[in-house]
Structure formats: structure tokens, C-alpha cells
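Structure first, then comments.
Below, each value reflects all heavy atoms present in this structure, side chains not excepted, and no hydrogens, waters or symmetry copies.
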Amino acid sequence: MSLEDKLKDFFAMQFEQELLDEIVKIGEIKFYREGEILMDIGDNVDFIPFLLRGVFKVVREDENENEIAIYFLERGDTCASTFVNFLHTAKSPVRAVAETDCEVIMVSTHYFDKWMSEYKSFRDYVIESYNIRLNELLEAIDSMVFMKMNERLLKYLQDKVQVLRNTTLKTTHQQIAFDLNTSRVVISRLLKQLENEGKIRIGRNKIEVLDI
DNA sequence: ACATTAAGTGATT
DNA sequence: AATCACTTAATGT
């Protein structure tokens, strides 16, 4: 599939033909393997990533390396905080790590201004993107503040199943514990509980989610 | 066979 | 829900 087709297929927003042409001409395709970092906390951001294929996990971390997964990015998404960074020339407040192998098209922030004023579809896309991220952020706050760990865990598993489009997750209890910023022991016990409730099935390095 | 890593468990706070 | 201390199970070399 050509790059242009991918852009058309995966991005909900209908970009104008001229904008598509520019993205195709200027953009640089990059591939990330599972586990690789697209952008780390503190990095200067001078590009806008458009996600063509794969899933990124966006993670926040404090100075003691306590981390918490905030949300996942799917194809058609972009890292909205990139826009903030661009406008204020700041450093990335989050880390984006490839959850699967990914294909991304990078565009220098240099073109951002121009596209914002020239293309309505781009403006809409940016605003829409901001909106979605904001909502996901609120959801993340809600789940952290109001939900108990067992509910958070189930939500985490279901979210992951949804973005990965695969009901069998390949992960470890420890990794989940990192993402939810809790301990492995707690996750192991809660997973066992979910299994007893018939909502999941546990295997080594693998969890099958039955209750979607 | 041995070391390493993942997961399970009881007790305590 | 977190932590500790320990066991058991699976996997790699």
C-alpha cells in the first residue's frame, strides 16, 4: 500500500489533496521495533509523528522512576503533546514507547504553522486530536482516583485488547504492575481473582481476556 | 544440570 | 493495597 493510501485509510480526517502531497513529499518514514522509544521525557521535540501502523504506549514518570501508563496511541493518532511542545518549544513531558512494531511518518514542526493556516483539515485534525487526548487524560485521572485496583486492572486489560485488536496479551505481571504503578504481588493476586470470576485466562507471559 | 526469570502464597502492616 | 520473605514453576544456556 502506498504511503498516500495509508494516510487516507488510517486518518479519520479527510486531508486535502495538497496537504497529502506535502506530507508524502516532506515526511520521513520511520520504523520502530517493539520496546523502542519514539520520544523520551525531556527530549526536545522538533517533529510531528503521525502513526501509520502499530501501537505506542504513553507513559509518565517521576524522578524516582515511578511510572504510570496514561494511554495508548493507535494508527491515525499523533502525540498531541507534541503540539504543545512545538508551540512553546519545550521538552517532552512524557515517554512514548512502541508497544508493537510501528510505522510512523515524521514531519518537521517547521511546517506546522503553515499547515495550520493553510489547511482547514489540518486545523481540525489538531483540535480533534487534542480533544481526544484530553478526554483520555481525564479518563486516566478518573481511573486512578476513583477506581479500585481490580477495576483499573480490568480496564487496563480491556483497553489494551482494544488497541492491539487481540484478546491474548503477551505481557508479564511485573510489566502490568509498572504500568499501573503498583506491585507485582498485587497484580498477580488480582489477576487470579479475575480468572476465578471467569473474565480472563492466565498463562505464562500471556493473558487471554474473555470479558471484553 | 544449573541459573534466571515469572508467578504463587502466607503473614504482617 | 503494599511489603516481605519464601516457594514453585517455566525457560534459557
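Closest to the A/L190 side chain, of the nucleotides C/dA1, C/dT3, B/dT5, is C/dA1. Distances were taken from every side-chain heavy atom of A/R204 (C-beta onward) to each of C/dC4, C/dA9, C/dA1; the shortest belongs to C/dA9. Checking B/dT5, B/dG8, B/dT9 against every side-chain atom of A/R184, the shortest atom distance belongs to B/dG8. Closest approach to the A/K192 side chain among B/dA7, C/dC4, B/dG8 is made by B/dG8 (side chain taken as heavy atoms from C-beta onward).
A straight line from CG of A/L191 to C1' of C/dA1 spans 15 Å, rounded to a whole angstrom. Straight-line distance from the CD atom of A/Q175 to the P atom of B/dA6: 10 Å, rounded to whole Å. Here B/dA7 presents its P atom at 12 Å from CD1 of A/I200, a figure rounded to the nearest Å. Rounded to an integer number of Å, the gap from CG of A/L180 to C1' of C/dA1 is 13 Å. Straight-line distance from the CZ atom of A/R189 to the C1' atom of B/dT9: 6 Å, rounded to whole Å. Atom CD in A/Q174 sits about 13 Å away from atom C1' in C/dA2, given to the nearest Å. One can place CZ of A/F178 at 14 Å from P of C/dA2, the figure rounded to the nearest angstrom. Put simply, CZ on A/R201 is 18 Å from C1' on B/dA7, counting in whole angstrom units.
Checked against the 6.0 Å centroid threshold, A/Y119 and A/F15 do not count as a close aromatic pair.
For the pair A/H173 and B/dT5, the criterion of a side-chain N or O lying under 4.0 Å from OP1 or OP2 is not met. At the phosphate of C/dA1, neither OP1 nor OP2 sits under 4.0 Å from any side-chain N or O atom of A/K148. Contact check, A/S188 against B/dA6: no side-chain N or O comes under 4.0 Å of OP1 or OP2.
With hydrogens and angles left out, the side-chain atoms of A/N135 and A/E139 include no donor and acceptor closer than 3.5 Å.
Within 4.0 Å of A/S183, counting heavy atoms only, lies at least one base atom of the nucleic acid.
Environment of CD in A/Q162: sparse, with no more than 12 heavy atoms of neighbouring residues, nucleotides or ligands closer than 6.0 Å.
Note on A/E22 versus A/K25: no salt bridge recorded, every NZ/NE/NH1/NH2 to OD/OE distance being 4.0 Å or above.
Counting heavy atoms from C-beta on, the side chains of A/F31 and A/R53 come closer than 4.5 Å.
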